[in-house]
Visitor: 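Have a look at this one before I ask anything.
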Amino acid sequence: MLIGLMLLAAAPAAIAGSAFSDWSWVVVAGDWHAHSGGPSEAFDNARRDVVTELEDAGFSAANLKQFSVRPERYPDAHAEKSEPQAIYDALSDLTAKAQGGCLIYFSSHGAPMGVVVDQQFLPPAVLAGMVDQTCGKRPTVVIISACFSGVFVPALASSNRMVLTAARPDRSSFGCGEADKYPYFDQCVLETLPKVGDFAALGTQVQTCVAARETKEGMKPPSEPQLFIGPALKPMLPLLALTPQKRN
């Protein structure tokens, strides 16, 4: 049923006692092409290293599913092929057993109609339906690294959710070239996660980081990452684990 709605176009254990150890989470690399059309590892690099940072922050590998357009290249990730139906099925399975909350992370190209997932666009309304049906009223964090990803905020915004996107609805984001290790936004997430104690701080500091990077590189117009935090979420949202790196 979900497919009909679409528009075409071995890890360490969670930190003991972490409040995120019972969260379901999926991390998706939605493409393998640079903006030029040539090959790029940027999105899969982001997927791999975001997983590592979130595990360090207290998320459990037992409640994770990774997705890649070319999963055969990354056997250690035990990733599935990036497809909207597969992502929905994984969320359904994960949320049935891990009921503390949800985290969903996409790194891909984007357009005003949605985020690229292999050969399709996943539209905001469809992703919102997936989250509604699987995560429901649990505390939920959705992070979307893609051009024009601000289009997801109105559809996903809810009292129990945080939505962080790489750009305004009418702006591109940067760092998707063949030589880029990560998109700018993902790199800022990776640099910021070890330094903050909660997701709200992550959102504001990533916005600052992206703005500084774009100014340094002379990228215009600025992407202006978007941040929404629902009024009921903050008291429900646990603190990120205090890792040795954060202590130092």
Visitor: Under the 3.5 angstrom rule, does the side chain of Ser68 hit a backbone N or O of Ala79 as a donor-acceptor pair?
Guide: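 No; zero donor-acceptor contacts below 3.5 Å.
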
Visitor: When you measure from the centre of the six-membered ring of Tyr74, is the NZ or CZ of Arg47 under 6.0 Å away and within 45° of the axis?
Guide: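 Yes - Arg47 lies over the ring of Tyr74, closer than 6.0 Å to its centre and within 45° of its axis.
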
Visitor: With ring centroids as reference points, do His109 and Phe43 lie under 6.0 angstrom apart?
Guide: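 They qualify: ring centres under 6.0 Å apart.
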
Visitor: Atom CZ of Phe174 and atom CD of Glu217: how far apart are they, to the nearest 0.5 Å?
Guide: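 Result: 10.5 Å between the selected atoms.
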
Visitor: Checking Gln66 against Arg48: is there a side-chain donor and acceptor pair closer than 3.5 Å?
Guide: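 Per modelled atom types, Arg48 and Gln66 side chains form no pair under 3.5 Å.
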
Visitor: Taking the basic N atoms (NZ, or NE/NH1/NH2) and the acidic carboxylate oxygens, is any pair closer than 4.0 Å for Arg73 and Glu41?
Guide: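 Yes, this pair counts.
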
Visitor: Please check if the side chain of Asn160 supplies one atom and the backbone of Gly136 the other of a donor-acceptor pair under 3.5 Å.
Guide: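 Present.
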
Visitor: Step through it carefully: locate the ring centre of Phe20, locate the ring centre of Phe199, and say whether they are under 6.0 Å apart.
Guide: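 Yes, the ring centres sit under 6.0 Å apart.
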
Visitor: Side chains of Trp25 and Val141: closer than 4.5 Å at any heavy-atom pair?
Guide: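 The answer is no, as the side chains (C-beta and beyond) never meet within the 4.5 Å cut-off.
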
Visitor: Are any non-hydrogen side-chain atoms of Leu103 and Leu54 less than 4.5 angstrom apart?
Guide: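 They are in side-chain contact.
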
Visitor: Is there a donor-acceptor pair under 3.5 Å between the side chain of Ser18 and the backbone N or O of Gly58?
Guide: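 Yes, because the side chain of Ser18 sits within donor-acceptor range (under 3.5 Å) of the backbone of Gly58.
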
Visitor: How far does CG of Asp89 sit from CD of Glu83, to the nearest 0.5 angstrom?
Guide: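 Output value for this atom pair is 10.0 Å.
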
Visitor: Is it true that a side-chain atom of Asp180 and a backbone atom of Tyr182 form a donor plus acceptor pair closer than 3.5 Å?
Guide: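 No; zero donor-acceptor contacts below 3.5 Å.
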
Visitor: Look at the side chain of Ser82 and the backbone N and O of Val117, then say whether any donor-acceptor pair between them is shorter than 3.5 Å.
Guide: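 No, Ser82 side chain to Val117 backbone: no donor-acceptor pair under 3.5 Å.
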
Visitor: Measure from the side-chain N and O atoms of Arg138 to the backbone N and O of Thr95, and report whether any donor-acceptor pair falls under 3.5 Å.
Guide: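 Yes; at least one donor-acceptor contact below 3.5 Å.
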
Visitor: Can you tell which of Leu240, Leu190, Val189, Thr192 makes a side chain to side chain contact (heavy atoms under 4.5 Å, CB included) with Glu53?
Guide: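 For Glu53, the side chain to side chain contact (heavy atoms under 4.5 Å, CB included) check succeeds only for Leu190.
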
Visitor: With sequence neighbours left out, what residues match Ser172 under side-chain hydrogen bond (donor to acceptor under 3.5 Å, both in side chains)?
Guide: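 Listed in chain order: nothing, the list is empty.
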
Visitor: Pick from Val151, Leu127, Val153: which one makes a side chain to side chain contact (heavy atoms under 4.5 Å, CB included) with Ile144?
Guide: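 Passing option: Leu127.
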
Visitor: Tell me whether Tyr184 shares a hydrophobic cluster with Leu193, the cluster being built from Ile, Leu, Val, Met, Phe, Trp, Tyr side chains joined at under 4.5 Å.
Guide: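 No, it is not one cluster - the side chains of Tyr184 and Leu193 are not joined through contacts under 4.5 Å.
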
Visitor: So do the side chains of Thr140 and Met162 get within less than 4.5 Å of each other, counting heavy atoms only?
Guide: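 Not touching, per the 4.5 Å side-chain cut-off.
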
Visitor: Short question: side chain of Ser24, backbone of Ala98 - any donor-acceptor pair under 3.5 Å?
Guide: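 Such a contact is found between Ser24 side chain and Ala98 backbone.
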
Visitor: Under a 3.5 Å distance rule, please check whether Ser149 uses its side chain to pair with a backbone N or O of Ala166 as donor and acceptor.
Guide: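 Answer holds: yes.
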
Visitor: Can you tell if the side chain of Ser40 reaches within under 4.5 Å of the side chain of Trp32, non-hydrogen atoms only?
Guide: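 Contact flag for Ser40/Trp32 side chains = no.
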
Visitor: Would you check if the side chain of Arg161 reaches a backbone N or O of Leu156 as a donor-acceptor pair within less than 3.5 Å?
Guide: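 Yes; at least one donor-acceptor contact below 3.5 Å.
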
Visitor: Please name the residue in the list Asp44, Asp186, Asn45, Asp31 that meets the side-chain hydrogen bond (donor to acceptor under 3.5 Å, both in side chains) test with Ser107.
Guide: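 With Ser107 as partner, Asp44, Asp186, Asn45, Asp31 yield a single side-chain hydrogen bond (donor to acceptor under 3.5 Å, both in side chains), made by Asp186.
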
